[in-house]
Amino acid sequence: MSAARIVVMGTGYVGLTTGACLASLGHQVTCVDVDHAKVARLSAGRVDILEPGLAELVGRGLTAGRLSFVVGGRDAVRDAQGVFLCVPTPMGAGGAADLRAVEAVTNEIGDVLPAGCALITKSTVPVGTARRIRDLLGRDDIPVVSNPEFLREGTAVADFLGPDRIVVGSDDAAAAEWVAELYRDLAAPSVVTDAASAELVKYAANCFLAMKLSYVNSIAELCERLGADIEAVTEGMGHDRRIGRSFLKPGPGWGGSCLPKDTHALVRIAESVRFDFGLLTAAIDENVAQRDRIVAKIAGAVGGALEGARIGLLGLAFKAGTNDLRDSPALSVASVLAALGAELTAYDPAVGGEIPGMTVVDDPYQVTKGADAVVVLTEWDEFRRLDWTYVSELMEGDAVVDTRNLLDPHPVLDAGLSWQGVGRPRPRARVSA
Ligand code: UDX
């Protein structure tokens, strides 16, 4: 395909990644945002989002003249061949997706889109949104196409340029094929279908991942009660290609800006067509239960009473490799601990500033000073390399609760501390020779 003229509405981690990556594929891309200061920073090549490779791609696009940033979409779309909607679709009241930004942008640019220009939803939107946008547009010369993103935070660029698949859906088959062609150089499998199916793929995939995690967290709890080892169990499961080896790590629960939002949205979508999606509701409930099990584990580690207990938290982001606190399980655990009277000190390499209910410090050892227990909540690699003998000298108590099974227990035990993971047997301290 020759270079297409593309406009991307929204420069968040999906919009900026989409724009910069499409420019790197040779397309002519204009990214639009409402925030003047943000557009000025991006035009100067300053990327505030923590995504490996993104700043370089933005810089290359700017230098090559294939990427630009402007405020306001009306002028930008006048000669566009495709316009991507990458605006936020947060969880609204009752869990349904909030489409106000999608509708606002559609109204802003709808009358100036050139005939034949594809309007493409990249943000996760409920099934039927393409039809709603078409009705909103009131034009039959603008094909509406669903092209959901499958980007993970922390690996968004790699995921965009090395996708497992491209999914495109539209009731205008030629427009769907045109959008699929934008990605031709990625040589990834393409699923070209109708709009509703493409919209549903995104929810079905994300909610399956959430269910898989709730399932493995439940199996981890079973392991603890049966004296089994979750790492052996998931190793044994994962060799089955139908299960796969990824997304089988137990933790404090799943979070982030997507899985919680998408699981609640799909339950509402199902309700809207009178389907009680009990399996998915159970996975959501199980995620809360996992958090409560982690809190109980921590309470047990400090002798049963959290009131006045001094607890050091290692990690706040919803997963390692990102500074995103949105729906972070670490914050969810911390909020319950604080509500039960624990005194919290927390450190995360990517997170700073004030967080209510805790003292945030900028050094992991400060978290352990005087602590009755230390809890690993985010799987940052640097926590594996802490000097546990030094930690043992700093701590008041001796309990290390590792909710990610991140650490090698032996250095922790050798330092005279106790270690407990999730779904792991309690290792015994090595008898010194
Ligand atoms: C997710 C989907 O993976 C991605 O395809 C979609 O486009 C956006 O939502 P993301 O929100 O970045 O991506 O996070 P992800 O990497 O999926 O992790 C989600 C949560 O599950 C995190 O809290 C993470 O810590 C947790 N997780 C993940 C586990 O607890 N165990 C695992 O094995 C994997």
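Atoms within a ligand are numbered from 1 in the order they appear, just like the ligands themselves.
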Fill in: Exercise: do W380 and D348 side chains pair donor with acceptor under 3.5 Å
yes
Worksheet entry | Protein heavy atom at shortest distance from atom 3 (O) of ligand 1 | R152 CG, 3.3 Å
Worksheet item: For ligand 1, which atoms sit closer than 4.0 Å to a heavy atom of K202?
Response: 6 (C), 7 (O)
Practice prompt. Check whether more than 12 heavy atoms from other residues, nucleotides or ligands sit under 6.0 Å from atom NZ of K261, and answer yes or no.
Written response: yes
Item to complete: Distance to 0.1 Å, residue and atom name: give those for the protein heavy atom nearest to atom 2 (C) of ligand 1.
Response: N206 OD1, 3.5 Å
Worksheet item: What atoms of ligand 1 come closer than 4.0 angstrom to any heavy atom of R404?
Response: 25 (O), 30 (O)
Item to complete: Examine R326 relative to F318 and say whether NZ or CZ is less than 6.0 Å from the centre of the six-membered ring and inside a 45° cone about the ring axis.
Response: no
Worksheet item: Relative to atom 21 (O) of ligand 1, which among V216, L213, T378 owns the nearest non-hydrogen atom?
Response: L213
Practice prompt. Ignoring angles and geometry beyond distance, decide whether P329 reaches within less than 3.5 Å of ligand 1 through its nitrogen or oxygen atoms.
Written response: no
Worksheet item: Does CZ in R132 sit with more than 12 non-hydrogen atoms of other residues, nucleotides or ligands closer than 6.0 Å?
Response: no
Worksheet item: Would you say E153 and ligand 1 have an N/O pair spaced under 3.5 Å apart?
Response: yes
Fill in: Aromatic ring pairing F383/Y347, orientation class (parallel under 30°, perpendicular over 60°, tilted between)
perpendicular
Item to complete: Evaluate the ring planes of F84 and Y183, with Trp represented by its six-membered ring, and classify them as parallel (under 30°), tilted (30 to 60°) or perpendicular (over 60°).
Response: perpendicular
Response to the item:
Ranked by distance from atom 4 (C) of ligand 1, the top protein heavy atom is L151 O, 3.5 Å
Worksheet item: To which protein heavy atom is atom 17 (O) of ligand 1 closest, and what is the distance rounded to 0.1 Å?
Response: F247 CZ, 3.1 Å
Practice prompt. Please determine, by modelled atom types, if Y13 and D324 share a side-chain donor-acceptor pair under 3.5 angstrom.
Written response: no
Fill in: Top protein contact for atom 15 (P) of ligand 1, by heavy-atom distance
K319 NZ, 3.7 Å
Practice prompt. Say whether E286 and S218, considering side chains only, have a donor N or O and an acceptor N or O under 3.5 Å apart.
Written response: yes
Discussion item. Taking the basic N atoms (NZ, or NE/NH1/NH2) and the acidic carboxylate oxygens, is any pair closer than 4.0 Å for R310 and D372?
Written reply: no
Worksheet entry | Where ligand 1 meets E149 - atom numbers and elements under 4.0 angstrom, heavy-atom basis | 7 (O)
Worksheet item: What part of L248, side chain, backbone, both or neither, has a heavy atom within less than 4.0 angstrom of ligand 1?
Response: backbone
Practice prompt. For atom NZ of K369, decide whether the heavy atoms of other residues, nucleotides or ligands shown that lie under 6.0 angstrom number more than 12.
Written response: no
Practice prompt. Pull out every atom of ligand 1 sitting under 4.0 Å from any heavy atom of L259, numbered as shown with elements.
Written response: 19 (C)
Item to complete: Return yes when C258 approaches ligand 1 closer than 4.0 angstrom through a heavy atom, no otherwise.
Response: yes
Worksheet item: Is any N or O atom of K249, backbone or side chain, closer than 3.5 Å to an N or O atom of ligand 1?
Response: yes
